[in-house]
**Student:** 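Quick one: structure below, then a few questions.
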Amino acid sequence: MRPLAHGAAHHCFGCGKANRSGLRLNFLVSDEGLIVCRTKIPARFEGPPGYVHGGVIATLLDEAMSKANRACNVIAMTRHLEVDYRRPVPLRSTIEITARHLKAEGRKHFCEAEIRLHGETLASGKALFIAVTKQFLLSRTKD
Ligand SMILES: CCCCCCCCCC(=O)SCCNC(=O)CCNC(=O)[C@H](O)C(C)(C)COP(=O)(O)OP(=O)(O)OC[C@H]1O[C@@H](n2cnc3c(N)ncnc32)[C@H](O)[C@@H]1OP(=O)(O)O
């Protein structure tokens with residue numbers, strides 16, 4: 001596994017180093033393109049008492065899948081996201097998030113992701129991403 005160089009914005013809520021309120025996730029990538037992130041989610045992201053908020057769980061899966069696209073040199077935006085909340089995700093425990101790119105059909109990229117704790121799958125997701133140009137992605141940054 002090696003660190004993933006993804007080029008995302010420094011203030012990205014998921015992975016931006018400059019976003020002190022964000023999740024500040026670090027991602028690794030294997031030679032086969034498997035994305036892995038091990039992290040502890042702080043208490044400020046609480047939903048149910050002691051557990052991660054469902055919206056943040058969706059973010060973790062979305063972010064990891066987005067990195068699976070980056071590992072394929074694809075810049076894409078989430079078009080459709082499905083989340084299966086199987087078990088609550090505890091705060092402050094080291095969870096493992098994995099994601100992989102499954103297939104491409106033209107601009108459509110299909111990915112899947114999971115959140116695990118001690119080998120048990122707590123949440124999983126699938127998403128459709130649409131490839132966009134870097135120019136499109138950055139078109140609002142000058143406002
Ligand atoms: C430097 C690295 C930076 C990386 C950034 C990563 C960001 C992290 C991931 C995110 O969270 S992005 C933020 C959340 N997502 C958004 O805000 C996206 C909002 N949506 C859009 O801006 C547009 O919908 C989008 C640019 C993604 C696509 O618009 P388009 O008009 O270019 O495409 P369109 O909507 O026509 O869909 C493209 C294809 O997908 C198909 N499609 C759409 N929904 C579908 C669906 N649910 N199932 C199957 N196919 C679907 C659609 O029919 C079409 O098929 P064809 O190309 O074959 O005609």
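Sequence positions, counted from 1, serve as the residue numbers for this chain. All values derive from a computational prediction rather than experimental measurement. Just so you know, ligand 1 is whichever comes first in the structure, and atom 1 is the first atom listed for that ligand.
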**Student:** Might you point out which heavy atoms bring Leu25 and Lys17 nearest each other, and give the distance in Å?
**Tutor:** O-NZ, 3.7 Å

**Student:** I need the nearest protein heavy-atom contact for atom 45 (C) of ligand 1: residue, atom name and distance, please.
**Tutor:** Leu128 CD2, 3.3 Å

**Student:** Considering only the protein, which heavy-atom contact is closest to atom 22 (O) of ligand 1, and what is its distance?
**Tutor:** Phe136 CZ, 4.3 Å

**Student:** Among all protein heavy atoms, pick out the one at the shortest distance from atom 1 (C) of ligand 1; state its residue, atom name and that distance to 0.1 Å.
**Tutor:** Gly7 O, 3.4 Å

**Student:** Under 4.0 Å from atom 39 (C) of ligand 1, can you find at least one protein heavy atom?
**Tutor:** yes

**Student:** What's the verdict on side chain to side chain donor-acceptor pair (under 3.5 Å) for Ser124 and Glu114, showing C-alpha distance, side-chain angles and the deciding distance?
**Tutor:** CA-CA 4 Å; Ser124 57; Glu114 286 192 3; 5.6 Å; no

**Student:** Quick check: do Val36 and Ile97 have side-chain heavy atoms less than 4.5 Å from each other?
**Tutor:** no

**Student:** Could you tell me the residue and atom name of the protein heavy atom closest to atom 13 (C) of ligand 1, and the distance to it rounded to 0.1 Å?
**Tutor:** Met77 CE, 4.2 Å

**Student:** Would Arg44 and Glu46 pass as an ion pair if we require N to O under 4.0 Å?
**Tutor:** no

**Student:** Considering only protein heavy atoms, determine whether one is less than 4.0 Å from atom 53 (O) of ligand 1.
**Tutor:** no

**Student:** Go through the steps to decide whether Glu63 and Lys67 satisfy the test salt bridge (Lys or Arg N to Asp or Glu O under 4.0 Å), and finish with yes or no.
**Tutor:** CA-CA 6 Å; Glu63 191 72 27; Lys67 297 302 184 270; 2.7 Å; yes

**Student:** Are the side chains of Asn69 and His101 in contact, using a 4.5 Å heavy-atom criterion?
**Tutor:** yes

**Student:** Relative to ligand 1, is Lys108 under 4.0 angstrom through side chain, backbone, both or neither, heavy atoms considered?
**Tutor:** side chain

**Student:** Measuring only between side-chain heavy atoms, which start at C-beta, is Arg116 closer than 4.5 Å to Leu122?
**Tutor:** no

**Student:** Between Thr39 and Ile95, is any pair of side-chain heavy atoms under 4.5 Å apart?
**Tutor:** yes

**Student:** Which heavy atom of the protein is the closest neighbour of atom 4 (C) of ligand 1, given with residue, atom name and distance?
**Tutor:** Leu137 CD2, 4.1 Å

**Student:** For atom 11 (O) of ligand 1, find the nearest protein heavy atom and state the residue, atom name and distance (0.1 Å precision).
**Tutor:** Asp62 OD2, 2.7 Å

**Student:** Is there at least one protein heavy-atom neighbour under 4.0 Å from atom 17 (O) of ligand 1?
**Tutor:** yes

**Student:** Looking at ligand 1, does Ala76 have a heavy atom less than 4.0 Å from it?
**Tutor:** yes

**Student:** How far is atom 19 (C) of ligand 1 from its nearest protein heavy atom, and which residue and atom name does that atom have?
**Tutor:** Thr78 O, 4.4 Å

**Student:** Answer side chain, backbone, both or neither: which part of Cys12 comes under 4.0 Å from ligand 1, heavy atoms only.
**Tutor:** neither

**Student:** May I ask whether atom 57 (O) of ligand 1 is less than 4.0 Å from at least one protein heavy atom?
**Tutor:** no

**Student:** Relative to the heavy atoms of His80, which atoms of ligand 1 are at a distance of less than 4.0 Å?
**Tutor:** 47 (N)

**Student:** Once you restrict to heavy atoms under 4.0 Å, what part of Arg107 touches ligand 1? Side chain, backbone, both or neither.
**Tutor:** side chain

**Student:** Any side-chain heavy atom of Leu117 within less than 4.5 Å of one from Pro90?
**Tutor:** yes

**Student:** Does any part of the side chain of Phe129, heavy atoms only, come nearer than 4.5 Å to the side chain of Thr78, both counted from C-beta?
**Tutor:** yes

**Student:** Report the member of Lys67, Arg79, Met65 with the shortest heavy-atom distance to atom 35 (O) of ligand 1.
**Tutor:** Arg79

**Student:** Between the side chains of Lys126 and Glu82, is the shortest nitrogen-to-carboxylate-oxygen separation below 4.0 Å, so that they form an ion pair?
**Tutor:** no

**Student:** Quick check: closest heavy atoms across Phe27 and Ala64, and the distance to 0.1 Å?
**Tutor:** CE2-CA, 3.7 Å

**Student:** Just to be sure I'm reading this right: ignoring hydrogens, which of Ile130, Leu81, Thr133 gets closest to atom 27 (C) of ligand 1? Compare them by their nearest heavy atoms.
**Tutor:** Ile130

**Student:** Give the residue, atom name and distance (to 0.1 Å) of the protein heavy atom nearest atom 8 (C) of ligand 1.
**Tutor:** Ser66 OG, 3.6 Å

